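The next block holds one structure in the form of structure tokens; read it before the comments.
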Amino acid sequence: MKLSKYLINTLKESPKEATIISHKLLLRASMIKQHSSGIYIWLPLGFKVLKNIEKIIRENQEQIGCHELLMPTIQSADLWKKSGRYEDYGKEMLRIQDRHKNELLYGPTNEEVITDFFNDYVNSYKNLPKYLYHIQWKFRDEIRPRFGVMRGREFLMKDAYSFDLTKEDSFLTYKIFFKSYLKTFIDLGLQPIPVKAESGAIGGDLSHEFQILANTGESEIAYDSKLTSDNLLNLSFDEINSLYSASDDLIDKNKKDVVIGRGIEVGHIFYFGTKYSSPLKANVLTQEGKNVEVHMGSYGIGVSRLVGAVIEAYHDEKGITWPFKIAPFKINIIALEELIDNEEIKKLYLSLLKKYKDIIFDDRDISIGKKIKDSELIGIPWTIIAGKNFKEFNKLELVNRSNNQSITLSVSDLEKFDYEKNFY
RNA sequence: CGGGGAGUAGCUCAGGCUGGUAGAGUGUCUGCUUUGGGAGCAGAAAGUCGCAGGUUCGAAUCCUGUCUCCCCGACCA
């Protein structure tokens, strides 16, 4: 990608609407632009990050046999009246009328839609369990949106729904999702802490939220240090679930040997049994020919919130320090003006482009200093600089954004270098 | 919803008390000079001063209303 062709407009000063670091950096790096309170335009650079996060989430969902569909943003109020939530949800739900005066709403979540749909398509125990998810924009008319994309009114969420024959099966499913969530967040480069949770408006009797550790996190969390060990994924659900963790007011102050940190909630999972299958009549026939209500769970990840959360965990005084997989571009090539048309550098760019796809060549007609600043602000993992050393010795400088260390390499070294493995 | 603050150029802000028709930095554009850390010089474009009404010969400024945004609290992926 030649940067001169891209939409990028970095800011030296952060707009005053922003108070927390991720919000400031997202605005300064021209990744988002506020449209109105809690509603954002995702600019090309930010949208790429969002897509990269989606990709990792998708891979993990598919791994546990959870399949993607896409449900509407605008939903009919009828279903919500049946489940009883049309009244319960309160002012957070954005209610709309169409020209026929039918009541609609912009979906804050999708239990009703998917349960209703499921009932039409699945009628036998033979088809259970079923796991389905979608990644779709939601709207919750928060009293006070804040912190940029961390708490918007419109936000992108991955929500999965599970359908099982029995409570026992549904618990097994829950455990599968639980572990898949830990892996998802670890794949994203984050340190997840599962915390037993109140299940809130969605309801049910088994629930965990997933906090990720970040110094600037909104809630205080206390947890057993084993939760951050490298072999966390090798432990069973019961082993992990027996380890202590709590957030905010629920922290037991007398508890010893716990680590205190700060966290950002990025995921929430629930088992809620027949709360929706009962009113919306999602039944299947058992082996004995009996009609029974299915047991359900739902599993959410705040995708757009994660963009902010990752920055809270990955930044320094110069800007964002994206993990490799999430970074909008992986390598940025910067050359002195007189070297911009150099054949060898062009060849390097093309060969890296072939291998990594998301590569920038900063061909803008601006000073090299600003190019470096922009690269640091945006958080490109690797910056390759062709300067004096190239003219004299045919060497380029390779700078690692995570630790700001640089090494001097030749073009052929740079072509062979493993940028993903060597990051961090 | 309660409490606090703010709306003036893309962004950061001055001006407002004491009314006379809009300014700086930065960004943008043009030209020249530059090129290893957000370059220099010269020139230019850019604002119905959030909106509506009122007072006045005259309103960014005073008055009234209204909208929007931000911060603190209760609620949430």
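Predicted model, so just to flag it, every value in this text is computed and none were measured. All chains are named by letter (A, B, ...) in the order of the sequence lines, taking the proteins before the strands, and each is independently numbered beginning at 1.
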| request: Using a 4.0 Å heavy-atom cut-off, write out nucleotides 4-14 of chain B from 5' to 3' as B (base contacted by protein), S (sugar-phosphate only) or - (no contact). | output: --S----BSS-

| task | Classify the ring geometry between Tyr349(A) and Phe361(A) as parallel (under 30°), tilted (30 to 60°) or perpendicular (over 60°). | result | tilted

| field | Residues touching RNA chain B, which here means a heavy atom under 4.0 Å, drawn from residues 142-150 of chain A | value | Glu142(A), Ile143(A), Arg144(A), Arg146(A), Met150(A)

| Spacing between Asn110(A) atom CG and rA77(B) atom P, to the nearest angstrom | 15 Å

| field | Pairing partner (Watson-Crick or G-U wobble, both distances under 3.5 angstrom) of rA6(B) | value | rU68(B)

| field | Whole-angstrom distance between rA22(B) and rG50(B), as gauged at atom P | value | 15 Å

| request: Quote, to the nearest angstrom, the P distance that separates rA60(B) from rG47(B). | output: 16 Å

| said: When both hydrogen-bonding distances must be under 3.5 Å and the geometry is Watson-Crick or G-U wobble, what is rA44(B) paired with, if anything? | reply: rU28(B)

| query | How are the rings of Tyr181(A) and Phe210(A) set to each other: parallel, tilted or perpendicular (split at 30° and 60°)? | reply | tilted

| task | With a 3.5 angstrom cut-off on both distances, give the Watson-Crick or G-U wobble partner of rG20(B), or none if there isn't one. | result | rC57(B)

| said: Consider side-chain contact (heavy atoms from CB on, under 4.5 Å). Of Ile74(A), Leu94(A), Leu105(A), which one does Phe139(A) pass it with? | reply: Leu94(A)

| request: Pick base, sugar-phosphate or nothing for Ile385(A), based on heavy-atom distances below 4.0 Å to the nucleic acid. | output: base

| message | Taking the basic N atoms (NZ, or NE/NH1/NH2) and the acidic carboxylate oxygens, is any pair closer than 4.0 Å for Asp187(A) and Lys183(A)? | response | yes

| C1' spacing across the pair rG73(B) / rA14(B), given as an integer number of angstrom | 33 Å

| Atom P, compared across rA46(B) and rG4(B): separation rounded to whole Å | 41 Å

| Watson-Crick or G-U wobble mate for rC1(B), both contacts under 3.5 Å | rG73(B)

| request: Describe the nucleic acid contact of Arg153(A) in one word from base, sugar-phosphate, nothing, applying a heavy-atom distance below 4.0 Å. | output: nothing

| message | Rounding to an integer number of angstrom, what distance separates rG25(B) and rG15(B) when you compare their C1' atoms? | response | 15 Å

| When the P atoms of rA52(B) and rA59(B) are considered, how many whole Å apart are they? | 14 Å

| field | Out of rG37(B), rA77(B), rG38(B), whichever nucleotide has its closest atom nearest the side chain of Leu377(A) | value | rG38(B)

| Watson-Crick or G-U counterpart of rU34(B), or none if no pair lies under 3.5 Å | none

| field | P spacing across the pair rA9(B) / rU48(B), given as an integer number of angstrom | value | 9 Å

| Carboxylate-amine/guanidinium proximity below 4.0 Å for Glu344(A) and Lys347(A) | no

| query | Is the closest basic N to carboxylate O distance between Glu59(A) and Lys55(A) below 4.0 Å? | reply | yes

| said: I want to check one thing: is the phosphate of rC70(B), taken as OP1 and OP2, less than 4.0 Å away from some side-chain N or O of Ser37(A)? | reply: yes

| rC69(B) C1' sits how many Å from Leu27(A) CG, rounded? | 13 Å

| task | Check the distance between rU35(B)'s C1' and Asn342(A)'s CG and give it to me in whole angstrom. | result | 16 Å

| query | Quick check, are the ring centers of Tyr89(A) and Trp80(A) under 6.0 angstrom apart? | reply | yes

| task | Round to the nearest Å and state the distance from Glu218(A) atom CD to rA77(B) atom C1'. | result | 10 Å

| Can Glu415(A) and Lys355(A) be counted as an ion pair, charged N to O under 4.0 angstrom? | no

| query | Is Lys5(A) salt-bridged to Asp363(A), cutoff N-O under 4.0 Å? | reply | no

| message | Nearest whole Å is fine: how far is rA77(B) P from Gln136(A) CD? | response | 18 Å

| task | Write down the distance between CG (Asp141(A)) and P (rA77(B)), rounded to a whole number of angstrom. | result | 16 Å

| said: Under a 3.5 Å cutoff, is there a donor and acceptor pairing between the side chains of Asp98(A) and Asn102(A)? | reply: yes

| request: Starting from P on rU34(B), measure out to NZ on Lys371(A) and report it in whole angstrom. | output: 17 Å

| said: Distance check needed: rA39(B) C1' versus Asp374(A) CG, whole Å only. | reply: 14 Å

| said: Under 4.0 Å, heavy atoms only, any strand: does Thr19(A) hit a base, just the sugar-phosphate, or nothing? | reply: sugar-phosphate

| task | Please work out which residues in residues 359-369 of chain A have a non-hydrogen atom less than 4.0 Å from an atom of RNA chain B and list them by number. | result | Ser367(A), Ile368(A), Gly369(A)

| request: Could you say whether Ala18(A) or Met157(A) is positioned toward the 5' end of RNA chain B, judged by the nucleotide with the nearest heavy atom to each? | output: Ala18(A)

| Of the residues in residues 301-332 of chain A, which ones touch RNA chain B at a heavy-atom distance under 4.0 Å? | Gly302(A), Arg305(A)

| Using atom C1' of each nucleotide, how far apart are rU8(B) and rU56(B) to the nearest Å? | 22 Å

| remark: Partner of rC49(B) under the Watson-Crick or G-U wobble criteria, both distances under 3.5 Å, comes out as none

| field | Partners meeting ring-ring contact (aromatic ring centres under 6.0 Å, His included) with Tyr356(A) (sequence neighbours left out) | value | Tyr419(A)

| query | What is the nucleic acid contact for Gly300(A), judged by heavy atoms within less than 4.0 Å: base, sugar-phosphate only, or nothing? | reply | nothing

| request: Tell me whether the OP1 or OP2 atom of rC70(B) has a side-chain N or O from Gln34(A) closer than 4.0 Å. | output: yes

| query | Between Glu312(A) and Ser22(A), is any side-chain donor less than 3.5 angstrom from a side-chain acceptor? | reply | yes

| message | Please verify the inter-ring angle class for His208(A) with Phe237(A); under 30° counts as parallel, over 60° as perpendicular, anything in between as tilted. | response | perpendicular

| Under 30°, 30 to 60°, or over 60°: which ring-plane class applies to Phe324(A) and Phe423(A), parallel, tilted or perpendicular? | tilted

| remark: Heavy-atom nearest nucleotide on RNA chain B taken for Glu265(A) and for Asn389(A); more 5' hit belongs to Asn389(A)

| request: Quick one: list whatever passes ring-ring contact (aromatic ring centres under 6.0 Å, His included) with Phe163(A), sequence neighbours left out. | output: Phe118(A)

| said: Checking side-chain polar atoms at under 3.5 Å, does Tyr271(A) have a donor or acceptor matched by the opposite partner on Ser207(A)? | reply: no

| message | Side chain of Glu92(A), heavy atoms from C-beta onward: which of rA77(B), rU35(B), rC76(B) has the nearest atom to it? | response | rC76(B)

| Chi angles and distances behind the side chain to side chain donor-acceptor pair (under 3.5 Å) call for His134(A), Glu68(A) | CA-CA 5 Å; His134(A) 76 339; Glu68(A) 187 169 14; over 6 Å; no

| query | Is there a donor on the side chain of Arg140(A) or the base of rC76(B) sitting less than 3.5 Å from an acceptor on the other? | reply | no

